[in-house]
There are 2 protein chains.
Amino acid sequence: MSARVRVEDRECPLSTAMSYVGEWWTMLILHDCFDGYSRFDQFQANIGLSSSMLTARLKTLVDNGILTKRAYQERPVRYEYVLTDFGRSLRPILVAMAAWRNEQLAPSERAMVLVDSETGREVEPVTIDPVSGVSVSDPRFAFRSGPAAGEQMRARYARPRARDV
Amino acid sequence: MSARVRVEDRECPLSTAMSYVGEWWTMLILHDCFDGYSRFDQFQANIGLSSSMLTARLKTLVDNGILTKRAYQERPVRYEYVLTDFGRSLRPILVAMAAWRNEQLAPSERAMVLVDSETGREVEPVTIDPVSGVSVSDPRFAFRSGPAAGEQMRARYARPRARDV
DNA sequence: CAGTATCCTGTCCGATACTG
DNA sequence: CAGTATCGGACAGGATACTG
């Protein structure tokens, strides 16, 4: 999965991520795709947005390389929208969001869960440092400017931190 | 309905998460908070949005229980905004987003990185199932309706999946 | 079925000005 | 410094109508 910066080259990786997945409808369409839905009317039925908006959103997703549009039949020609590898790489973000919400609910209160489909076991995902195995919520982890930091990013991390979070 | 939907209205945990973190500025303010910034002018300098919008966003964040506003001095009274425990629980989402973008870049191209502040080592976070240790990108993991699923959510997952993703 | 096209309303958001 | 108040343009997004 290669780099694909369509939107606007902000140096902050968080801003870049937000420019891809920061829109409400975009995330819901992605959710549909991960669940195996691929067609215009399925999206519309599941999500309930207007056809003009859906058209616009699908176009950005295709332009951004997250979905591909392909004909699944001729005469009349019909299209479906499927995830690219690049699009699939967004899955951990989507899963982390759903997991965040489910953590606040008792298991019996959850409307949607992630499961291991081989066993049916419910999964409660965590985001960790793979080297230490420690959750990224641990205060020992902090952002710093990287090698490609510009002026603003360097300034941001130049001063000592006000407090640990 | 737009992103301004009341949080309780949606049973889908992903939608709920999006209603909290789905806005561009909200995420950037959170990023500032995680980096130890807490004051109005710092947010404004770092993010560069208008004071009226910043006021509005801070208000939503406080109303949603993600930040607390507290006076750090009297005469004149000055406020700062700090993360609640609830706010801190959003960290994995933010980290997962930044990590997603950094994965597309060579290490030397990264403007911002997560580090273990004890050792300075760069961290490349992953979102996994803690039981098996397998990444949530593995196709064996899939969403299903949970115990509290309503009609629509049950219907969504009732039919066999069109394809594995 | 898979969209386009058009209209219309509400909201986002910067700009500007003002306050204690 | 930490906001509040107001204006106005741009655009998100619903509703509706239409098309091959």
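A, B, ... follow the sequence lines: proteins, then strands. Residue 1 opens every chain. These figures come from a predicted structure and were not determined experimentally.
- When each of C:dG3, C:dC1, D:dC1 is scored by its nearest atom to the side-chain atoms of A:Tyr72, the top-ranked nucleotide is C:dC1.
- With distances taken from any side-chain atom of B:Trp25 to the nucleotides D:dG3, C:dT4, C:dG14, the minimum falls on C:dG14.
- Nearest nucleotide to the B:Tyr81 side chain, out of C:dG3, D:dG14, D:dG3: D:dG3.
- Distances from the side chain of B:Arg78 to the nucleotides D:dG14, C:dA2, C:dG20 place C:dG20 closest.
- Across all non-hydrogen atoms, the minimal contact from A:Ala142 to B:Arg91 is CA-NH2, 3.9 Å.
- Backbone-only contact: B:Lys69 has heavy atoms under 4.0 Å from sugar-phosphate atoms and none from a base.
- Distance, A:Gln42 CD to C:dA2 C1': 12 Å, rounded to whole Å.
- When heavy atoms are screened at a 4.0 angstrom cut-off, B:Phe43 is found touching no nucleic acid atom at all.
- For the OP1/OP2 pair of D:dG13 and a distance below 4.0 Å, the side-chain nitrogens and oxygens of A:Arg57 include at least one atom meeting the criterion.
- Rounding to the nearest 0.5 Å gives a distance of 9.0 Å between CD of A:Glu80 and CD of A:Gln42.
- The side chain of B:Thr55 places an N or O atom within less than 4.0 Å of a non-bridging phosphate oxygen (OP1 or OP2) of D:dT4.
- For A:Ser51, the side-chain atoms get nearest to D:dA17 when compared with the rest of C:dT6, D:dC1, D:dA17.
- Checking the phosphate oxygens (OP1, OP2) of C:dC1, no side-chain nitrogen or oxygen of A:Arg39 falls inside 4.0 Å.
- Of all nucleotides present, only C:dC1 satisfies the Watson-Crick or G-U wobble test against D:dG20, with each distance under 3.5 Å.
- Distances shown here put every side-chain N or O of A:Ser50 at or beyond 4.0 Å from the OP1 or OP2 atom of D:dG13.
- Clustering ILVMFWY residues whenever any of their side-chain heavy atoms sit less than 4.5 angstrom apart, transitively, puts B:Ile128 in a cluster other than the one holding B:Leu114.
- Listed here is the closest heavy atom pair of B:Phe43 and B:Cys33: CZ-SG, 3.8 Å.
- Atom CE of A:Met53 and atom C1' of D:dG14 are 9 Å apart (whole Å).
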